[in-house]
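What follows is a single structure, written as structure tokens, with notes after it.
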Amino acid sequence: MVEYWYIPCNIKFCNVIQIIDKCGEIIWRRGASIKKDDIAYIYIGAPISEIVYKCIVVDAEVSKEVLENNLYAKRRDDSPRQKYMRLKMIKKYKEGALSLKELKENGLSQVQRQARNSRQLQAFIDTKE
């Protein structure tokens, strides 16, 4: 069963827009429960403060070799326990389509870490498709 995730990004530390717009994908740190074929929405913090991308997890177990050879890998930690995934963009939302204000009004509880979307939040996002 496909699950839906919310992944925050601080644009000051990783210019995810430049990477995804250029490559169509990005390698990202993976939360323990995220699996292949899940959907991940990338939320970009201030000054943008909105979900910008809908991505599919195409690889939930990125090898160390791929990670080391990928200039765009989003790495925060070199711990051998840290896992990484490959996300492929399947949609870029129009500016303002999924703003933080609307997300919070529709079930978003936090923006600090990866989390499963609530049913309420996912239903709202689905209306933007």
Side-chain angles (χ1 to χ4, degrees):
M1 178 181 201
V2 172
E3 293 188 276
Y4 298 88
W5 299 86
Y6 172 89
I7 299 177
C9 173
N10 183 334
I11 200 86
K12 294 176 188 173
F13 298 111
C14 177
N15 191 339
V16 68
I17 294 171
Q18 181 181 17
I19 295 167
I20 293 179
D21 286 353
K22 179 178 180 180
C23 302
E25 65 178 37
I26 192 165
I27 293 177
W28 203 278
R29 191 171 47 94
R30 177 176 63 85
S33 299
I34 298 175
K35 61 190 180 316
K36 186 178 187 299
D37 297 326
D38 279 355
I39 300 296
Y41 295 91
I42 297 180
Y43 169 85
I44 299 175
I48 296 170
S49 302
E50 61 189 50
I51 289 177
V52 176
Y53 298 106
K54 177 181 182 179
C55 300
I56 187 166
V57 179
V58 294
D59 186 356
E61 294 289 335
V62 173
S63 70
K64 186 175 181 177
E65 293 77 27
V66 168
L67 187 61
E68 289 173 355
N69 291 320
N70 189 305
L71 298 175
Y72 299 115
K74 175 70 176 113
R75 284 186 278 188
R76 292 185 63 193
D77 166 345
D78 284 329
S79 164
R81 294 185 326 207
Q82 180 61 61
K83 304 293 183 194
Y84 292 87
M85 61 186 166
R86 182 185 315 271
L87 301 174
K88 180 177 179 160
M89 181 193 49
I90 53 178
K91 181 173 185 141
K92 183 173 183 177
Y93 293 95
K94 291 181 182 176
E95 186 175 331
L98 291 166
S99 70
L100 178 59
K101 180 179 183 283
E102 287 185 311
L103 295 168
K104 284 190 170 190
E105 289 171 355
N106 289 281
L108 179 67
S109 59
Q110 59 83 27
V111 295
Q112 281 74 34
R113 64 183 190 277
Q114 294 178 12
R116 272 188 198 90
N117 290 354
S118 68
R119 287 185 186 148
Q120 178 187 1
L121 179 60
Q122 190 57 49
F124 169 69
I125 293 171
D126 289 345
T127 68
K128 301 297 182 167
E129 298 290 315

Discussion item. Please give me the minimum heavy-atom distance between G107 and L121, naming the atom from each residue.
Written reply: C-CB, 4.4 Å
Fill in: Point-to-point distance, once rounded to the nearest 0.5 Å, from CD1 of I56 to CD1 of I90
5.5 Å
Discussion item. If I compare all heavy atoms of I17 with all of Y53, which pair ends up nearest, and what's the gap?
Written reply: CA-OH, 3.3 Å
Worksheet, complete the sentence: Looking only at heavy atoms, the pair that brings Q122 and Y4 closest together is OE1-CB, 3.0 Å
Worksheet item: side-chain contact (heavy atoms from CB on, under 4.5 Å) between E102 and K128: does it pass, once the steps are laid out?
Response: CA-CA 11 Å; E102 287 185 311; K128 301 297 182 167; 4.0 Å; yes
Worksheet item: Should we say atom CD of Q18 is surrounded by more than 12 heavy atoms from elsewhere, each under 6.0 Å from it?
Response: no
Worksheet entry | Set of salt bridge (Lys or Arg N to Asp or Glu O under 4.0 Å) partners for E3, sequence neighbours left out | K35, R116
Fill in: Non-hydrogen side-chain atoms of S118 and N106 separated by less than 4.5 Å
no
Discussion item. For D38 versus M1, what's the shortest heavy-atom pair and its separation?
Written reply: OD1-O, 4.1 Å
Worksheet item: With a 4.5 Å heavy-atom cut-off, do Y43 and L98 have their side chains touching?
Response: no
Worksheet item: In terms of hydrophobic clusters joined by side-chain contacts under 4.5 Å, are M89 and M85 together?
Response: yes
Practice prompt. Please round to the nearest 0.5 Å and tell me the distance separating atom CD1 of I27 and atom CG of D59.
Written response: 8.0 Å
Discussion item. To the nearest 0.5 Å, what is the distance between OG on S109 and CG on N117?
Written reply: 10.0 Å
Item to complete: Tell me, with the steps shown, if S63 and Y84 meet side-chain contact (heavy atoms from CB on, under 4.5 Å).
Response: CA-CA 8 Å; S63 70; Y84 292 87; over 6 Å; no
Discussion item. Looking at every non-hydrogen atom in both residues, tell me the closest pair between C9 and V16 and how far apart they are.
Written reply: SG-CG1, 3.7 Å
Worksheet item: Can you find a pair of side-chain heavy atoms, one from D21 and one from K92, that are under 4.5 Å apart?
Response: yes
Item to complete: Establish whether Y41 and V57 are linked, either directly or via other cluster members, by ILVMFWY side-chain heavy-atom contacts under 4.5 Å.
Response: no
Practice prompt. Would you mind checking if E61 and K36 are paired as a salt bridge, meaning a charged N to carboxylate O distance below 4.0 Å?
Written response: no
Practice prompt. Kindly work out whether a path of hydrophobic side-chain contacts (I/L/V/M/F/W/Y, heavy atoms less than 4.5 Å apart) joins I48 to I7.
Written response: yes
Item to complete: State whether the number of non-hydrogen atoms from other residues, nucleotides or ligands found under 6.0 Å of E95 atom CD is greater than 12.
Response: no
Response to the item:
Tightest non-hydrogen contact, residues E25 and I19, listed as O-CG2, 3.7 Å
Worksheet item: Quick check: does any side chain N or O of Q114 sit under 3.5 Å from a backbone N or O of R29, one acting as donor and the other as acceptor?
Response: yes
Discussion item. If hydrophobic clusters are built from ILVMFWY residues whose side chains come within less than 4.5 Å, do I44 and Y93 share one?
Written reply: no
Practice prompt. Could you tell me the separation between the CH2 atom of W5 and the CG atom of L87, rounded to the nearest 0.5 Å?
Written response: 12.5 Å
Discussion item. Under the criterion side-chain contact (heavy atoms from CB on, under 4.5 Å), I'd like the reasoning laid out for L108 against F124: C-alpha separation, chi angles, the key distance, then a yes or no.
Written reply: CA-CA 10 Å; L108 179 67; F124 169 69; over 6 Å; no
Practice prompt. Look up atom NZ in K88 and atom CD1 in I20, then write down how far apart they are to the nearest 0.5 Å.
Written response: 12.5 Å
Practice prompt. Could you state whether Y6 and V52 fall into the same hydrophobic cluster, counting links through intermediate Ile, Leu, Val, Met, Phe, Trp or Tyr residues with side-chain heavy atoms under 4.5 angstrom apart?
Written response: no
Practice prompt. List the steps and the verdict of side-chain contact (heavy atoms from CB on, under 4.5 Å) for R86 and V66.
Written response: CA-CA 10 Å; R86 182 185 315 271; V66 168; 3.3 Å; yes
Worksheet item: When you measure from the side chain of S99 to the backbone N and O of G96, does any donor-acceptor pair fall under 3.5 Å?
Response: no
Worksheet item: With C55, which of I26, I39, I42 fulfils side-chain contact (heavy atoms from CB on, under 4.5 Å)?
Response: I42
